[in-house]
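Data first, discussion second: the structure below is written as structure tokens.
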Amino acid sequence: MNTPSARPRTQATAAEPARTLLTFRLGSETFAIGVEHVQEIIDPLPTTPVPCAPVSAPGIVNVRGSVVPVLDLYHRLRLAPPDGGRGETTRMVVLDVVMPEGATRLAFLADSVEQVVEVPCIAVEPVPEIGISLPPDCLDGVTRLAGDLVVLLKTESIFAHAGRTARAG
Amino acid sequence: MSQLSLPAQTFMAEANEVLESLETRLLELEGDPGNAGIVDAVFRNLHTLKGSGEMFGFTALARFTHGFENAYDAVRSGEAVVTPALIDVSLRSRDHIQRLIDAGNDEAENARLMELEEGRVLLAEIASFTEAAPGAAPPAPELAPSAPTCYRIRYAPERDAFRNGMRPDLMIAELADLGACTARLDVSAVPPLEEIDPTECRLAWDAELVTDVGREAVETVFLFADEETVTIEAEDPAAEPEREAEPQTAAPAAGKPAAATPPAGAPAGATARQATKKSDSIRVQSHRLDELMDQLGELVIAQARLNRIARELADPALVGTSEEIARLIAGLRDATLSIRMLPIGTVFSKFRRVVRDLSSELGKDVQLVTVGEDTELDKNVIDSLSEPLVHIIRNSVDHGVEPLEARRAAGKPDAATLTMSARQSGGEVLVTVADDGGGLKTQRIRTRAAERGLIAEDDALSEKEIHQLIFAPGFSTAETLSSVSGRGVGMDAVRSVISELGGSVEVTSAEGRGTAITLRLPLTLAIIEGLLVRVGAPTYVLPLSNVDECVELGDGELRADSGRSILTIRDQLVPVIDLRRVFAGPGAAADPGRRVVIVRGESRRIGLVVDDIIGQHQTVIKSLSPYHSDIPGLAGGTILGDGSVALILDPVALVKTAGQPATEAA
């Protein structure tokens, strides 16, 4: 599922330093994370809600025998939650992230998973200061793929378990 | 550690065991100074340390232990006597050896260690015991025949000697220490270059040694070599008695004049014992056991799934097979858990030393009595137990045991008794530390707790409830801070460690008669029996060991009392919390026919109202991620037979929540 399928436009030459990214959609926006964190992409699993959990991590799932937290990236990125719920293309992305408490496996839902691309580092631009309403500490830069603006997410801060004060229920 | 060779690592593990045994023996010897059997055991321990230490390159260790061993050799031969002072310096020397073992076998490091002031001082102290002993003869007279003898020695190690960690170079060097030694390397058995296996030993040594230390000392050098590989021949038969001219390929045992030469006989006995021990036990790194446990956990989960599918398909053959697998897994689980079980005596024995040091530091005479050392607990539980027990024992000796005058005034024996006991009770192990000291001062605890704002001045509390306040954070009644305890962190720390282990602590005390602190610990941390309950849509698991009983919730039985709900069960009032309100938020519609699970935590009982009780389930605890691990009331997650995840509830934390004002719980 995650075989690299880079487009010629963004193909990096051997000399150029490049980043391999997984792109996915949340609502109408396209985001990307470093593919080195991604463990697997699976069909959504039944999620068990955790009472009194932070809004950004509302539940847990069983991924091959491990209990893994499911994060709500909509909440973290201050996006409006999807109105249609889970669709045909909804996927669960499982990744390994190093947190201050140690390596942690976690999962999040994406409305669709697009592709794995190699992007030369020079093609990644800093986040424009205006016109983007996303929380700036979660962003690593922006790039363009086939005319679409793709926002690179900073894994270490987007999955940091902040927001302890905001609890559901 | 990682750069050490495997044999050296094994040596370190074994040396640590020998040290533990040494400490126990020394403490026994203190109580029974005339016991020759214990002296022998101490000598053997030291001898093993010295011999194997030398072999694996722990030179500083071997050198130091040599001096230590001499003292006990002198005791054995009656040239020195066991005194409390000797035990004292021996115990400190044992601690020094521990540091030498931990330092490893690096050559430069060993050279530095040998120069250490501390070791020299200890050695001098030890040496003074043998020298100052009345009527001290020159050391080990029977080992020192006056005339120098020339020995012809051939040592041809077996082929796998290098792989076994043998160091022939060190042995030859040791020979050279004994006297004038000429050694020749015999390479006649070495094959042509293309056939050489560098890990095989094809070398042999021929040595001529002129010395007056006697045959014993020469044999000791080859203590760890296979007897068939060593030939020792005395050249001058006149200087050696007839019996020494024994067959050249010394037949084991038969050739040894055992009665006449105890020093050689003793280590041989120790080696024989080690050999039998090795044949019925193996050394396994504990993380391998953890891996085995993880795999077994997965198997338990997979079996639960299989069982569900079998029942859905209702195929009798499949159901039968599934049940058989379940039975086999239960057996496998018990066997695996039993591998991880260790007798609690391994922890208890460490405390002999702690109690001894404490009593001399505080000038109180305290005897430690241990009961139930054979009680077994999971290794992980045992490992976490030392620290809380140290806190408890320090508190007991420092605060519990009264000064001598007070004990005499109360008509108690001068020596206080501290009892550590362990016993199994159902799925739990109860570990109790009891002293016969002054007991808790109920009034003083009350006053102090009120001062610290832990309770209100006019709170109506039973004596027992007041006693539990000693576990509150920052609580201490000690008027003066001693170096031992009284900083008010001890008992609080004890409780948090024990809670983390899924256990609980309680204290019982009678003023003037003593205090007992009981730890309730789960047998194992990895797999628990759980009770499945439903609250709203999701299923939750309650550890069965905390469940007292389940009752139906009839209409009107719940009595709301100033915001708290109270249920009357057989004339007992039990506070009740509705898990629906805690988990699903207020306003959730209640099912008719709900049930109450009565759970126990830290000696209190509360009722948990659930929508339904589903049944029993063997549960593998999976810890929660940092996102969820600090939510109060949740102990972990587990995977149910249908593959979904259920949360495991923490009754102890829920009981605590129930103790808070109702406004917070709502």
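Below, chains carry the letters A, B, ... as their sequence lines are ordered, and counting in each starts from 1.
- Interface remark: of the candidates B/Ser623, B/Ala302, B/Ser625, B/Ser625 forms the most heavy-atom pairs closer than 4.5 Å to chain A.
- Ranking A/Thr104, A/Ile60, A/Leu106, A/Val61 against chain B, the residue ahead of the rest is A/Ile60, based on heavy-atom pairs under 4.5 Å.
- Ion pairing between B/Lys379 and B/Asp383 holds under the 4.0 Å rule for side-chain N and carboxylate O.
- Proximity to chain B (any heavy atom under 4.5 Å) is restricted, for A/Ser66, to the backbone atoms N, CA, C and O.
- Between A/Tyr74 and A/Gly27, the shortest heavy-atom distance links the atoms OH-N, 3.2 Å.
- Minimum heavy-atom separation, A/Pro49 to B/Leu647: O-CD1, 3.8 Å.
- Of the possible polar contacts, one joining the B/Thr336 side chain to the B/Leu332 backbone as a donor-acceptor pair under 3.5 Å is found.
- Using a 4.5 Å cut-off between heavy atoms, A/Leu71 touches chain B through its side chain atoms alone.
- By the 4.0 Å N-to-carboxylate-O rule, B/Glu312 lies close enough to B/Arg308 to be salt-bridged with it.
- Of the listed residues (A/Thr48, A/Leu45, A/Thr47), the greatest number of heavy-atom pairs within a distance under 4.5 Å of chain B belongs to A/Thr48.
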